[in-house]
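Okay, structure first, notes after.
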Amino acid sequence: MRATGDFVRVQNAKLFFLGRKDNQIKRHGKRFNIECLQQAAEDLCQVEACAVTWYQQEKLILFVVPKDALEKRETLEELQKRLPAHAVPDELVLIKALPLTSHGKVDISELNKIYQNHLNSRRRDSKLSGAEELWERLQYLWKSVLGLRGDSTRISKDAVFLYSGGDSLKALRFYDEIEMLVGKAVPGLLEVILSRSIEEVYRHILKILFPDDDQLMNYDNVVKRKLSGNNGEELHGKYIKLKPETGLEAAAGLISFMALSRGNHVFSTNFTESFMQRTDTVQAAVELLQQPSFLHLMTPSIVQSHVQGYEMENRILTAANKADKADSSAQQTPAEGSDLTTAELALCVRWMSNTRKCVDASPLVVVPSKEEVSASVYIGSHSHAMQAIDLDLGEIKWEKNLGDRIESSACVSKCGNFIVVGCYDGLVYVLQSSDGETHWTFVTEDTVKSSAVVDPSSGLVYVGSHDQHVYALDIYKKECVWRLHCEGGAVFSSPCLSSFPHHLYVATLGGLLLAVNPMTGSKIWKSFLGKPLFSSPHCNEKYVCVGCVNGNLYCYTHSGEKVWQFSTGGPVFSSPCISSLTKQEIFFGSHDCFIYCCNMEGNLLWKFEATSSVYGTPFVFQSDDLKSKILLAAVSTDGKVWILNAKSGTAEGVDKLPGEVFSSPVVCGTKLVVGCRNDYVYCLDLYITGKKEQL
């Protein structure tokens, strides 16, 4: 072993840097020092000098002053052999000399300008000789973004980006690189990348580049999904009607229930008229929790560490004994001192349900008012399976295989009899909540990843589709009431409903935030944010907020006036969580690895650094045994489940699931439910350890 400065090389192994912390960055969930890349590049015989920048905290750029003739592709492949995957640069830029400051140091701001000019030049000078070159360059970009540069395996024409190791963030990079390659904007490209094959991405670009070429006129822009075998279903206009099923009445009997979904969305009917008239349903739900008939359901006592009757793993991980395993850089910037007590919070697995493929959807928890009826978790998987799981026991009540992958999170109908969920096959499924049998299916013209929302006043169901429309569905009459084209851009996120004023908010991958009249489908106002919106809007009685991949959280009034924007260090895919438990503060995550808490004026109250990007939406909760504490559950993509003090942002508990997590947690009493990419849905029990006696 030999040491070079602060670098250590073990025989012929890859370089690892042990130096200055101010040069450290976190990329792809891994922390490393950018001087590691610089040292590896300087060791190459073709390199005279080099420098590295973390451009806009999104792209790792290596600037090289070449000594002799230097081939970019060969250089990148050589660096890939010498460095861990997260340290390989996104791009290599050749320059004549390194710019220096008056103090003789490398001028980073000047390098960033050079790279920006380089991007502008690429746009101006981009020239493709034809379809064949486009196909070759597209395959190269595909491999580059997915980290497959050294992989000589041929890419199948049927390969789908998200199934080949991609995610939403990498899809954005691929999208940017393609637009840079062709030198112009390609409308609808991101939606095609997210749901279609590489061949269809290629054809989509061809149609934009060569719209008048006769040879290309027969190519479909997007191949329509084939819908078949609908068991007697009859295509009628834009929706499918089922023949009435024996003994099934659409609105047969209302079920008293409370439903909890990601981001502290609470939906309930048939409790009290006063509940239905409240604008702040979260606070109304909190008040309902004080009613004796619901205390046993929603605020159970803190559970003991040993859960009898479950033959499964019983991991107990506290903030204290996890500290030596967690990233030592995890930190928070609290607005005020923590109110930590001597008690600590721990998590253990209560149950886990195998879905056989990744679970990216977020859970829906429905709690009936009748004590004899158990609460249920409804969640779908990429295995095509939709499961209803007993919240207490973890037993599967029913399982239904849909036509394709499920990423949409479920919602419950106004009457409580139906579960509504979108599917990759372009259908919106309406299933009976009791047994999973199909009540109705509505067909859109593309993948449905958007999660539906129900209007508690009319019972209408609103859902978006990648076909660039949002739909209002009457699931009782089995018809589409209206549909609205969202002016370009798929609707990936979930619509948000405001009661006062009665608005429906819709965000698109085209960067548009729309306010729509829920009864008529007419547009009220719109705002163009310039970059895709994966985040779902969330509102309270005064404002509506939404995150953007440009790193900002935006806040608007209900009349469409922008109030403020808050900037983070990375794209914001996480949807904002607004809870009255915390005086209307806003919680959300970012790909910069931080969980943020802002007030309604857009001021930072605290931020907590997780160990990886935060994709999911946080959840605020409070238990009857923790009345002095309001807590925040959040997950990072590396599988960490964080329990934070919502007031101060300090960590009070942490656990780690054995897979990546893109699902959002939902907490019911002391039970936390979340999906994982190791194919399982998990229910974790939260309890107190330490000096306080366990109950």
Side-chain angles (χ1 to χ4, degrees), residues 4-7 14-28 30-127 140-141 144-145 149 172-173 176-177 179-181 183 531 550-551 567-571 591-592:
T4 307
D6 290 323
F7 292 90
K14 295 177 179 179
L15 277 168
F16 295 92
F17 186 77
L18 308 174
R20 294 165 46 188
K21 288 186 176 181
D22 57 351
N23 285 325
Q24 289 185 358
I25 64 171
K26 187 176 287 186
R27 182 168 179 254
H28 304 327
K30 305 285 187 178
R31 185 175 294 279
F32 78 103
N33 197 298
I34 59 176
E35 292 182 40
C36 170
L37 168 56
Q38 183 171 331
Q39 180 67 49
E42 288 176 348
D43 284 349
L44 300 178
C45 59
Q46 310 100 310
V47 176
E48 177 71 34
C50 65
V52 182
T53 65
W54 183 222
Y55 183 74
Q56 295 183 350
Q57 295 186 311
E58 291 182 0
K59 298 176 72 174
L60 194 62
I61 310 302
L62 174 64
F63 296 87
V64 170
V65 179
K67 185 180 296 183
D68 299 306
L70 184 147
E71 172 57 45
K72 285 187 179 182
R73 184 176 298 187
E74 292 177 1
T75 302
L76 287 171
E77 290 175 355
E78 184 62 33
L79 289 173
Q80 191 175 32
K81 296 176 184 177
R82 298 175 177 230
L83 294 165
H86 60 273
V88 176
D90 294 300
E91 192 166 353
L92 189 154
V93 179
L94 300 180
I95 55 178
K96 293 181 179 180
L98 293 176
L100 303 176
T101 66
S102 57
H103 300 288
K105 296 183 178 180
V106 175
D107 191 332
I108 300 299
S109 62
E110 192 61 32
L111 285 177
N112 286 333
K113 290 179 182 177
I114 291 173
Y115 184 66
Q116 185 59 56
N117 291 335
H118 169 74
L119 292 179
N120 294 337
S121 176
R122 278 179 58 185
R123 290 190 182 96
R124 288 192 304 267
D125 300 338
S126 180
K127 292 181 180 179
Y140 173 76
L141 290 177
S144 175
V145 172
R149 285 195 185 95
L172 275 177
R173 276 191 51 209
D176 288 336
E177 291 291 342
E179 289 202 335
M180 200 74 64
L181 170 66
K531 288 287 185 179
N550 63 9
S567 297
T568 75
H591 272 66
D592 66 3

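- With hydrogens and angles ignored, the 3.5 Å screen pairs a side-chain donor or acceptor of Asp90 with a backbone N or O of Leu60.
- Taking all atoms of both residues into account, the shortest heavy-atom contact from Val88 to Gln80 is CG2-CA, 3.8 Å.
- Taking CG from Asn550 and CG from Leu172, the interatomic distance works out to 10.5 Å, rounded to the nearest 0.5 Å.
- For the residue pair Cys36 and Leu83, the shortest heavy atom distance occurs at SG-CD2, 3.5 Å.
- Here NZ of Lys72 is found 13.5 Å from CD of Glu74. Values are rounded to the nearest 0.5 Å.
- Of all non-hydrogen atoms in Pro99 and Ile114, the two that sit nearest each other are CG-CD1, 4.2 Å.
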Inset, instruction - Go through the steps for Asn112 and Gln116 under the test side-chain hydrogen bond (donor to acceptor under 3.5 Å, both in side chains), then give the verdict. - result: CA-CA 6 Å; Asn112 286 333; Gln116 185 59 56; over 6 Å; no
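- Closest heavy-atom contact between Leu76 and Pro89: CD2-CG, 3.7 Å.
- Considering every non-hydrogen atom in both Val52 and Ile108, the closest pair reads O-CD1, 4.2 Å.
- Arg82 contributes atom CZ, which lies 5.0 Å from atom CG of Leu44 (distance to the nearest 0.5 angstrom).
- Summarising the geometry of Leu62 relative to Cys50, their closest heavy-atom pair is CD1-CB, 4.0 Å, with the distance given to 0.1 Å.
- With 3.5 Å as the limit, one finds a donor-acceptor pair spanning the side chains of Tyr115 and Glu91.
- Gln39 contributes atom CD, which lies 9.0 Å from atom CD of Glu35 (distance to the nearest 0.5 angstrom).
- Screening Val64, Leu94, Leu92 for a side chain to side chain contact (heavy atoms under 4.5 Å, CB included) with Thr75, the sole residue that qualifies is Leu92.
- Interatomic distance, Ser144 OG to Arg173 CZ, rounded to the nearest 0.5 Å: 6.0 Å.
- No side-chain donor-acceptor contact under 3.5 Å links Thr101 to the backbone of Asp107.
- With rounding to the nearest 0.5 Å, the separation of CG in Leu98 from CD in Glu110 is 11.5 Å.
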